[in-house]
Amino acid sequence: MPDTQEKERKSLEERNQMSDLERLRHSCAHIMATAICRIWPDAQFAAGPPVENGFYYDVDLEHRITPDDFEKIEAEMKKVVKENQVFEKVIVSRDEALEMAKKGRLAAVAERDVPSQFKIDLLGDIPEEEEISLYKNGDFWDLCAGPHVPRTGNCKAFKVMSVASAFYKGDASNPQLQRVYGTAFKNKTLLEEHLVQLEEAKQRDHRKLGKELDLFHIDEMVGQGLVLWKPNGAVVRQELQNFISEHLERQGYSQVFTPHIGKLDLYRTSGHFPYYADSQFPPLAERDTLESLADEGCTCGELMNKLEEGDVQGFLLKPMNCPHHIKIFQSNHHSYRDLPVRLAEFGTVYRWEQSGELGGMTRVRGFTQDDAHLFCTEEQVKDEIMGCLELVKIVLGTLGMEDYRVRVGLRDPDSSKYVGDPEKWDRAEEALREAASTLGTDFTEEPGEAAFYGPKIDFVVKDVIGREWQLGTVQVDYNLPERFGLEYVGADNASHRPVMIHRAPFGSMERFVGVLIEHFAGKFPTWLSPEQVRILPISEKFVDAADKVYETLRNEGIRVTVDKTNEKVGAKIRLAQLARIPYMLIIGAKEQESNQVSIRHRDRGDGGAVSVDEFKDQIVDEVRSRSL
RNA sequence: GCUCUUGUAGCUCAGGGGUAGAGCACUUCCUUGGUAAGGAAGAGGUCACGGGUUCAAAUCCCGUCAAGAGCUCCA
């Protein structure tokens with residue numbers, strides 16, 4: 001009992017602290033707006049809230065703010081702070097506020113010829129019954145619910161961070177504003193700490209490490225968002241796939257292989273085409289068909305129509321693996337005794353993501369899902385979901401990824417984008433909820449996060465920049481069995497419709513490895529390391545001894561190399577450290593004589609000399625147990 | 001897709017209307033060295049691509065492609 005009380009008090013304290021910080025950041029947003037107003041009086045401000053790591057203010061301004069302006073803005077902000085203006089709350093009537101806005105007096109330091117257009121719009125969004133408050137600091141008046149710190153002098157540690165663009169109210173049909181980001185902390189020490197953290201985060205960015213460690217490459221000539229796995233990256237991926245394959249075996253899955261394309265009819269039946277055509281690579285049509293259509297003077301628009309209507313046959317790069325797996329299921333008759341059928345594949349899919357959204361390995365156009373589809377009876381759904389969750393937990397647990405959240409995605413009651421019978425949705429949502437509650441981890445239910453064909457459970461992790469990525473996923477699907485007319489023969493000798501479950505514990509290999517690189521900061525556990533051991537002979541004289549150790553380890557399946565360059569050990573160690581190789585084995589006269597190696601671990605440093613066999617047994621065990 | 005920023009050697013980056021720069025990596029030679037950089041020499045670039053302005057463009061302007069940040073979208 002005292003335990004929970006202790007906890008509650010602490011979390012309340014934490015929350016209060018947070019809101020103090022948010023208040024400070026919000027005040028900084030006003031100070032920044034004040035500064036921008038003084039520099040560019042024609043600035044029109046929209047919204048300026050605190051956010052996770054700071055604050056921003058959206059501004060419409062003729063002048064394009066660039067990083068070169070940050071210093072100027074900060075200098076002006078410092079002046080405002082030095083003036084130690086009081087943040088004063090003024091309650092006004094709607095008409096008074098409107099009057100000021102029309103004179104351009106809101107989010108401004110003086111009256112202007114142009115009205116404060118965004119503030120007028122925002123005023124309209126405030127419900128009738130709510131009171132309208134303005135905040136003023138010095139000459140700067142702004143429409144604002146507050147709260148604020150007492151004085152501008154309370155904001156001592158801030159920094160203008162970046163500028164980007166944002167649509168007003170997040171709607172692409174609205175004008176684009178310049179969003180100026182800043183961060184602020186209670187004091188300079190905390191600000192410094194945060195900046196150092198950002199710098200460290202940059203160091204472990206998977207795009208940077210991917211290059212340094214030679215893991216993957218994205219080439220302009222190959223195409224945006226199409227990942228080339230280099231030999232080192234391929235090792236990591238292969239090890240992960242072996243790992244998951246072992247568990248597939250244990251959990252009664254069958255692995256299959258399917259091609260990367262399928263006929264449009266397949267996706268017409270599944271409903272992926274043309275409904276999701278915008279996020280697919282365009283269809284492929286046969287050359288002969290294209291030629292004869294061209295002869296007839298067919299336009300591109302007409303061709304698209306014909307493809308969509310099915311008048312012309314074509315192929316699609318597969319956006320999902322499920323239709324292929326369904327066809328495998330359908331190629332046999334199934335008795336209820338066969339169920340559940342679990343078909344797994346590391347299946348590569350292609351999706352036309354918008355170019356501005358692509359990045360590194362986490363958002364790409366071609367990716368390989370560790371996909372599987374389970375065909376089961378309605379009664380088996382819950383157990384199967386629990387089995388899937390179990391697998392996700394094993395995966396994340398083995399890799400030491402504890403920092404994730406579980407999201408149960410339910411349908412948005414107000415939306416019509418979902419297919420299928422509401423009663424079945426209810427049953428599926430209930431099954432997921434029940435399964436999630438057995439996880440032993442907290443989860444949030446989020447309406448509107450369901451897939452269009454069914455509810456799902458997602459495992460979401462954050463990358464170093466703090467962006468959330470969905471990795472593992474378990475989704476119930478009542479829709480596809482219906483569309484493809486799937487059946488099995490029940491104990492009653494009548495035909496029944498199976499339920500389908502889609503699941504992918506990693507999500508995609510690309511995204512997962514991207515997140516994994518950042519999680520480990522490039523220091524993969526030994527079982528995943530592209531190079532597990534590097535042998536460093538002290539000089540040329542000991543190369544033969546090194547080669548012997550190399551053979552011994554290689555025979556055990558250890559990924560090992562010998563550094564035969566004409567360098568001193570110091571230099572060899574440095575390179576091995578930079579490559580994040582877990583073990584360095586140093587061999588000189590001493591070791592050669594005693595048939596030993598001196599171990600240096602990338603994190604633990606000098607580990608002293610042990611016999612070759614002892615080291616061999618130790619590393620083989622470490623790799624086999626997949627220890628962290 | 002939209003806005004802004006960026007694109008110079010394999011990598012990290014400097015420079016900038018008048019013959020292309022550094023460090024690391026690479027090659028060769030010297031050195032045979034005990035826990036994060038031994039020394040010397042050499043090689044390597046149509047300055048992303050296409051146009052324009054100019055006596056002259058890597059540099060200025062326009063366009064395209066790509067990357068980054070953010071917004072929007074996401075099966």
Side-chain angles (χ1 to χ4, degrees), chain A residues 51 56 58 60 64-68 161-181 202 205 207-208 211-212 214 217-225 267 270-273 275-276 278-280 318-323 349-360 363 365 369 371 409 417 419 449-454 456 465 467 469-470 473 475 477 479-480 502 504 536-543 565-579 584-591 598-602 605-609:
Chain A
V51 288
Y56 67 80
D58 283 344
D60 186 27
R64 292 288 154 203
I65 296 175
T66 67
D68 294 338
M161 301 296 288
S162 62
V163 59
S165 118
F167 295 106
Y168 178 55
K169 291 183 176 172
D171 185 339
S173 60
N174 281 337
Q176 279 200 302
L177 307 171
Q178 302 187 62
R179 178 167 291 181
V180 188
Y181 281 89
K202 248 195 206 160
D205 188 309
R207 289 165 298 195
K208 182 177 159 70
K211 221 179 254 184
E212 281 175 13
D214 244 346
H217 173 65
I218 296 174
D219 195 276
E220 267 191 44
M221 202 175 271
V222 175
Q224 281 185 287
Y267 298 102
S270 71
H272 295 115
F273 185 83
Y275 193 57
Y276 282 101
D278 277 355
S279 40
Q280 293 158 3
K318 68 178 173 188
M320 293 188 109
N321 300 305
C322 22
V349 298
Y350 300 88
R351 301 184 187 176
W352 190 260
E353 302 287 355
Q354 296 184 77
S355 62
E357 206 35 75
L358 298 168
R363 197 65 184 270
R365 282 186 174 159
Q369 299 175 312
D371 211 359
K417 72 171 184 175
V419 294
E449 283 295 325
F452 77 96
Y453 49 76
K456 57 178 185 170
I465 310 174
R467 288 182 294 205
W469 296 104
Q470 178 201 310
T473 182
Q475 315 183 350
D477 188 347
N479 174 49
L480 283 176
H502 311 243
L536 313 178
I538 293 280
S539 82
E540 250 166 37
K541 291 178 209 150
F542 309 106
V543 165
T565 56
N566 266 343
E567 289 294 342
K568 300 211 249 182
V569 230
K572 292 183 181 180
I573 285 171
R574 180 165 182 276
L575 284 177
Q577 284 286 152
L578 289 175
M584 289 153 266
L585 300 182
I586 292 150
I587 297 187
K590 242 174 22 202
E591 290 81 2
S598 284
I599 304 175
R600 182 190 160 103
H601 186 269
R602 69 180 167 205
D606 194 340

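Proteins get letters first, then strands, A, B, ... in listed order; numbering begins at 1 in each.
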Query raised in the report: If each of A/G359 and A/Q475 is mapped to the nucleotide of RNA chain B with the nearest heavy atom, which maps nearer the 5' terminus, i.e. the 5' end?
Result: A/G359

Query raised in the report: Considering only the C1' atoms, how many Å lie between B/rG42 and B/rA25, rounded to the nearest integer?
Result: 14 Å

Query raised in the report: Taking N and O atoms by type only, does the side chain of A/E591 place a donor or acceptor under 3.5 Å from a partner on the base of B/rG34?
Result: yes

Query raised in the report: Base, sugar-phosphate alone, or nothing: which one does A/A589 contact when heavy atoms must sit under 4.0 Å apart?
Result: base

Query raised in the report: Tell me, do A/H502 and A/D477 make a side-chain contact under 4.5 Å, heavy atoms counted?
Result: yes

Report task. To the nearest 0.5 angstrom, please state how far the CG atom of A/N321 sits from the CG atom of A/D371. Result -> 4.5 Å

Report task. May I have the distance from A/Q369 (atom CD) to B/rC74 (atom P), rounded to whole angstrom? Result -> 17 Å

Query raised in the report: Nucleotide by nucleotide, 5' to 3', does protein get under 4.0 Å of the base (B), only the sugar-phosphate (S), or neither (-) in nucleotides 8-13 of chain B, counting heavy atoms?
Result: ---SS-

Report task. List the steps, then state whether side-chain contact (heavy atoms from CB on, under 4.5 Å) holds for A/I573 with A/I586. Result -> CA-CA 9 Å; A/I573 285 171; A/I586 292 150; 4.1 Å; yes

Requested in this report: Could you tell me whether A/G360 contacts a base, only the sugar-phosphate backbone, or nothing, with contacts defined as non-hydrogen atoms closer than 4.0 Å?
Outcome: sugar-phosphate

Requested in this report: Under 4.0 Å between any heavy atoms, over every strand shown, what does A/Y56 touch: base, sugar-phosphate, or nothing? Just pick one.
Outcome: nothing

Query raised in the report: Pick one: which of A/K318, A/M320, A/Q280 meets side chain to side chain contact (heavy atoms under 4.5 Å, CB included) with A/Y267?
Result: A/K318

Query - C1' atoms of B/rC13 and B/rG7, separation to the nearest Å - result: 13 Å

Report task. Could you give the distance separating B/rC65 and B/rU53 at their C1' atoms, to the nearest angstrom? Result -> 23 Å

Report task. Between B/rG18 and B/rA56, how far apart are the C1' atoms? Round to whole Å, please. Result -> 7 Å

Report summary line: Testing B/rC4, B/rG33, B/rA67 for proximity to the side chain of A/S539, the answer is B/rG33

Query raised in the report: With rounding to whole Å, what would you report as the distance between B/rG1 and B/rU12 at their P atoms?
Result: 25 Å

Query raised in the report: Below 4.0 angstrom from OP1 or OP2 of B/rC4, is there any side-chain N or O of A/S165?
Result: no

Report task. Can you figure out which of B/rA36, B/rG34, B/rC71 approaches the side chain of A/R600 most closely? Result -> B/rA36

Query raised in the report: Would a 4.5 Å heavy-atom cut-off, applied to side chains only, mark A/Y350 and A/R365 as touching?
Result: no

Report task. Considering non-hydrogen atoms only, spot the tightest contact between A/K202 and A/K208 and give its length. Result -> O-CD, 3.5 Å

Query raised in the report: Base, sugar-phosphate, or nothing for A/V569, non-hydrogen atoms under 4.0 angstrom?
Result: sugar-phosphate

**Report entry** Point-to-point distance, once rounded to the nearest 0.5 Å, from NZ of A/K572 to CG of A/N566
**Finding:** 8.0 Å

Report task. Compare all side-chain heavy atoms of A/R179 with those of A/V163 and state whether any distance is below 4.5 angstrom. Result -> no

Report task. Check whether any side-chain heavy atom of A/I599 lies under 4.5 Å from a side-chain heavy atom of A/M584, and answer yes or no. Result -> no

Query raised in the report: Within this structure, what is the CE-to-P distance between A/M221 and B/rA67, rounded to whole angstrom?
Result: 14 Å

Report summary line: By the Watson-Crick or G-U definition, both distances under 3.5 Å, B/rA36 is matched with none

Report task. Return the nearest nucleotide to the side chain of A/R363; candidates are B/rC74, B/rG1, B/rU35. Result -> B/rC74

Query raised in the report: Which pair of non-hydrogen atoms, one from A/F167 and one from A/N174, has the smallest distance, and what is that distance?
Result: CD2-O, 3.6 Å

Report summary line: Rounded to whole Å, CD1 of A/I573 lies from P of B/rG34 at a distance of 11 Å

Requested in this report: Could you verify whether a donor N or O on one side chain and an acceptor N or O on the other, from A/D58 and A/Q178, lie under 3.5 Å apart?
Outcome: no

Requested in this report: Name the closest nucleotide to the A/T66 side chain, picking from B/rA36, B/rG34, B/rU5.
Outcome: B/rU5

**Report entry** Presence of donor-acceptor pair under 3.5 Å, side chain of A/R179 and base of B/rC71
**Finding:** no

Query raised in the report: Base, sugar-phosphate, or nothing: which does A/G170 touch, judged by heavy atoms less than 4.0 Å apart?
Result: sugar-phosphate

Query raised in the report: What does B/rA57 pair with, Watson-Crick or G-U, if both distances are under 3.5 Å?
Result: none

Report task. Using atom CZ of A/F167 as one end and atom C1' of B/rC73 as the other, report the distance to the nearest whole Å. Result -> 11 Å

Query raised in the report: How is A/L575 classified with respect to the nucleic acid when contacts are heavy atoms under 4.0 Å: base, sugar-phosphate, or nothing?
Result: nothing

Query - Separation of the P atoms in B/rA40 and B/rG23, to the nearest angstrom - result: 11 Å

Requested in this report: For B/rU46 versus B/rC30, give the span between their C1' atoms, rounded off to a whole number of Å.
Outcome: 37 Å

Requested in this report: Could you state the atom-to-atom distance from CD of A/Q470 to P of B/rC73 in whole Å?
Outcome: 16 Å

Query raised in the report: Atom CD of A/Q224 to atom C1' of B/rA67: distance rounded to whole Å?
Result: 9 Å

Query - Base-contact (B) and sugar-phosphate-only (S) positions in nucleotides 37-50 of chain B, heavy-atom cut-off under 4.0 Å, - elsewhere - result: BB------------

Query raised in the report: Which value, in whole Å, describes the distance between the P atoms of nucleotides B/rC47 and B/rC55?
Result: 22 Å

**Report entry** Upstream residue (5' side of RNA chain B) when A/L578 and A/D278 are each assigned their closest nucleotide
**Finding:** A/L578

Requested in this report: State the pairing partner of B/rG7; accept Watson-Crick or G-U wobble contacts with both distances under 3.5 Å, and report none otherwise.
Outcome: B/rC65

**Report entry** Pair assignment for B/rC74, Watson-Crick or G-U wobble, requiring both distances under 3.5 Å
**Finding:** none

**Report entry** Short side-chain N/O contact to B/rC74 OP1/OP2 from A/R351, under 4.0 Å
**Finding:** no

**Report entry** A/C322 and A/L480, any side-chain heavy atoms less than 4.5 Å apart
**Finding:** yes

Requested in this report: Can you tell me the distance, in whole Å, between the CD atom of A/Q354 and the C1' atom of B/rA67?
Outcome: 17 Å

Query raised in the report: Between CG of A/L575 and CD of A/E567, what distance do you get to the nearest 0.5 Å?
Result: 7.5 Å

Query raised in the report: Does the B/rC74 base have a donor-acceptor partner in the side chain of A/E353 within less than 3.5 Å?
Result: no

Query - Euclidean distance, atom NZ of residue A/K169 to atom P of B/rC71 [Å, nearest integer] - result: 18 Å

Query raised in the report: Should B/rC13 form a Watson-Crick or G-U wobble pair with both distances under 3.5 Å, which nucleotide is its partner?
Result: B/rG21

**Report entry** Under 3.5 Å on both distances, the Watson-Crick or G-U partner of B/rG42
**Finding:** B/rC26

Query - Side chain of A/A166 - closest among B/rG33, B/rG70, B/rU35 - result: B/rG70

